[in-house]
Amino acid sequence: MSTPDKNAAPGTAPVRVVVIEDEQTITRAITDRLTAEGWEVTTAPDGPSGVRAVSEVRPDAVVLDVMLPGFDGLEVCRRIQADEPVPVLMLTARDDETDMLVGLGVGADDYMTKPFSMRELVARLKALLRRVRRVGAPAPSESEKQDALEFGDLVIDRAGRRVMRAGAPAHLTPTEFDLLLCLANAPGTVLTREQLLADVWDWVDATGTRTVDSHVKALRRKLGSDLVRTVHGVGYALEIPEDSEDGSGAARGATGASDLSSMPTPNLPDDDS
């Protein structure tokens with residue numbers, strides 16, 4: 001008998017997950033574990049059928065293997081995110097930083113390297129779902145409606161979830177934006193990986209994961225290598241970019257400083273990465 005999802009509100013529909021994986025043993029293990037959470041699971045063994053399943057089911061989340069017959073998981077991610085954005089947890093058999101960054105660039109929100117524990121898989125998926133609910137639920141405060149954060153030539157529009165660097169828009173995935181905002185809320189302060197995992201991913205008991213590291217590298221690739229400072233053995237801090245005009249390193253509300261109304265709405269996720 002399935003156990004109801006403890007995160008679901010009473011009377012709400014069960015979480016729907018599409019698992020796109022060609023290894024039957026892994027598919028069966030994931031299906032059994034998620035079904036035990038009270039979630040509805042639809043499976044697909046290849047790229048084309050995976051895209052069709054997502055289109056038909058309209059799931060709350062997708063578990064997606066990188067290596068698939070038909071076409072690979074990166075192409076699946078591009079196609080499903082172009083149709084309607086959905087949280088994607090990508091699975092990869094190789095602990096390859098390039099593969100992970102490409103996956104994040106085409107719209108994956110998180111990744112796991114095989115082999116992995118089912119407990120960790122469930123924790124990651126629940127964190128993704130909580131983030132989606134948190135982003136969609138609260139209305140922006142008056143200060144968020146009026147102000148943005150500005151650090152030199154970096155402008156973060158909190159309410160509109162848009163970012164500009166040196167006057168050019170940066171197309172960040174939802175996870176990348178949340179990570180940047182978390183660092184920007186404490187500029188110059190070193191935040192540990194554990195703090196970032198708890199604040200951005202809602203994952204408070206994570207150890208031995210490179211998730212934060214890969215997302216930081218994705219931010220550097222899109223916004224510049226000078227933006228986030230690594231403190232080896234500790235974590236990361238937002239470096240204050242020098243303003244090309246006044247050299248100011250202080251954060252300030254950006255109302256009146258930048259024409260945020262002219263910033264284009266980002267096409268999330270960034271498919272050009």
Side-chain angles (χ1 to χ4, degrees), residues 2-9 12-94 99-100 102-136 173-175 201-203 211 267-271:
S2 297
T3 302
D5 177 20
K6 298 178 179 61
N7 284 346
T12 59
V15 173
R16 298 187 306 275
V17 179
V18 170
V19 177
I20 309 173
E21 166 66 67
D22 64 325
E23 296 184 44
Q24 292 185 1
T25 302
I26 296 177
T27 299
R28 189 178 306 113
I30 294 175
T31 300
D32 290 346
R33 186 64 180 86
L34 298 187
T35 301
E37 292 290 323
W39 296 0
E40 294 181 354
V41 181
T42 301
T43 64
D46 54 52
S49 63
V51 172
R52 286 195 301 271
V54 172
S55 177
E56 293 169 1
V57 174
R58 298 294 178 184
D60 300 293
V62 174
V63 178
L64 174 62
D65 188 26
V66 172
M67 301 301 294
L68 291 169
F71 44 77
D72 65 18
L74 299 177
E75 181 61 24
V76 172
C77 195
R78 288 190 185 96
R79 295 191 185 195
I80 64 178
Q81 298 292 28
D83 182 28
E84 183 177 339
V86 59
V88 172
L89 176 62
M90 190 163 279
L91 306 178
T92 176
R94 297 183 298 175
D99 285 351
M100 296 168 190
V102 172
L104 298 176
V106 297
D109 293 271
D110 204 352
Y111 72 89
M112 295 181 66
T113 302
K114 298 177 183 178
F116 53 85
S117 73
M118 290 299 156
R119 175 179 175 272
E120 181 177 352
L121 176 77
V122 172
R124 297 282 193 101
L125 286 172
K126 288 183 176 179
L128 286 179
L129 293 170
R130 283 195 299 268
R131 285 184 50 252
V132 169
R133 295 181 187 125
R134 188 174 65 225
V135 168
T173 68
T175 303
W201 283 266
D202 289 325
W203 195 22
T211 298
N267 180 19
L268 294 175
D270 179 13
D271 288 342

Item to complete: May I ask you to test the Glu21-Thr43 pair for a side-chain heavy-atom distance under 4.5 Å?
Response: no

Practice prompt. Could you check if a side-chain atom of Leu89 sits within less than 4.5 angstrom of a side-chain atom of Leu125, using non-hydrogen atoms only?
Written response: yes

Worksheet item: So do the side chains of Glu75 and Val51 get within less than 4.5 Å of each other, counting heavy atoms only?
Response: no

Worksheet item: Just by modelled atom types, is the Val15 backbone N or O under 3.5 Å from a matching donor or acceptor in the Glu40 side chain?
Response: no

Worksheet item: Given side chains that start at C-beta, do those of Lys114 and Thr92 come closer than 4.5 Å, heavy atoms only?
Response: no

Worksheet, complete the sentence: Scanning both residues in full, the closest heavy-atom pair of Gly38 with Pro14 reads O-CB, 3.4 Å

Discussion item. I need the Trp39 CH2 to Asp60 CG distance, nearest 0.5 Å.
Written reply: 9.0 Å

Item to complete: State which residue, out of Leu74, Asp109, Asp110, Val76, fulfils the side-chain contact (heavy atoms from CB on, under 4.5 Å) condition with Met90.
Response: Leu74

Practice prompt. Rounded to the nearest 0.5 Å, what's the gap from CG on Leu129 to CZ on Arg124? Could you check?
Written response: 14.0 Å

Worksheet item: How about Pro59 and Thr42: do any of their side-chain heavy atoms sit closer than 4.5 Å?
Response: no

Worksheet item: So do the side chains of Val122 and Leu34 get within less than 4.5 Å of each other, counting heavy atoms only?
Response: yes

Discussion item. Tell me every residue that passes side-chain contact (heavy atoms from CB on, under 4.5 Å) with Met118, counting only those two or more places apart in sequence or in another chain.
Written reply: Ala29, Ile30, Arg33, Phe116, Leu121

Worksheet item: How far does CG of Asp72 sit from CE of Met67, to the nearest 0.5 angstrom?
Response: 7.0 Å

Worksheet entry | Within 45° cone of Phe71 ring axis and under 6.0 Å: Arg78 NZ or CZ | no

Discussion item. Taking the side chain as everything from C-beta on, heavy atoms only, tell me whether Ile20 gets closer than 4.5 Å to Val54.
Written reply: yes

Response to the item:
Heavy-atom closest pair (Ser49 atom, Ala44 atom, distance to 0.1 Å) is OG-CB, 3.5 Å

Worksheet item: Backbone N or O of Leu68 within a donor-acceptor pair of the Asp65 side chain at under 3.5 Å?
Response: no

Discussion item. Once rounded to the nearest 0.5 Å, what's the spacing between atom CG of Leu104 and atom SG of Cys77?
Written reply: 9.5 Å

Worksheet item: In a check of side-chain contact (heavy atoms from CB on, under 4.5 Å) between Val63 and each of Thr27, Leu91, Val88, which one passes?
Response: Leu91

Discussion item. Could you measure the distance from the CG atom of Asp83 to the CZ atom of Arg58? Nearest 0.5 Å is fine.
Written reply: 4.5 Å

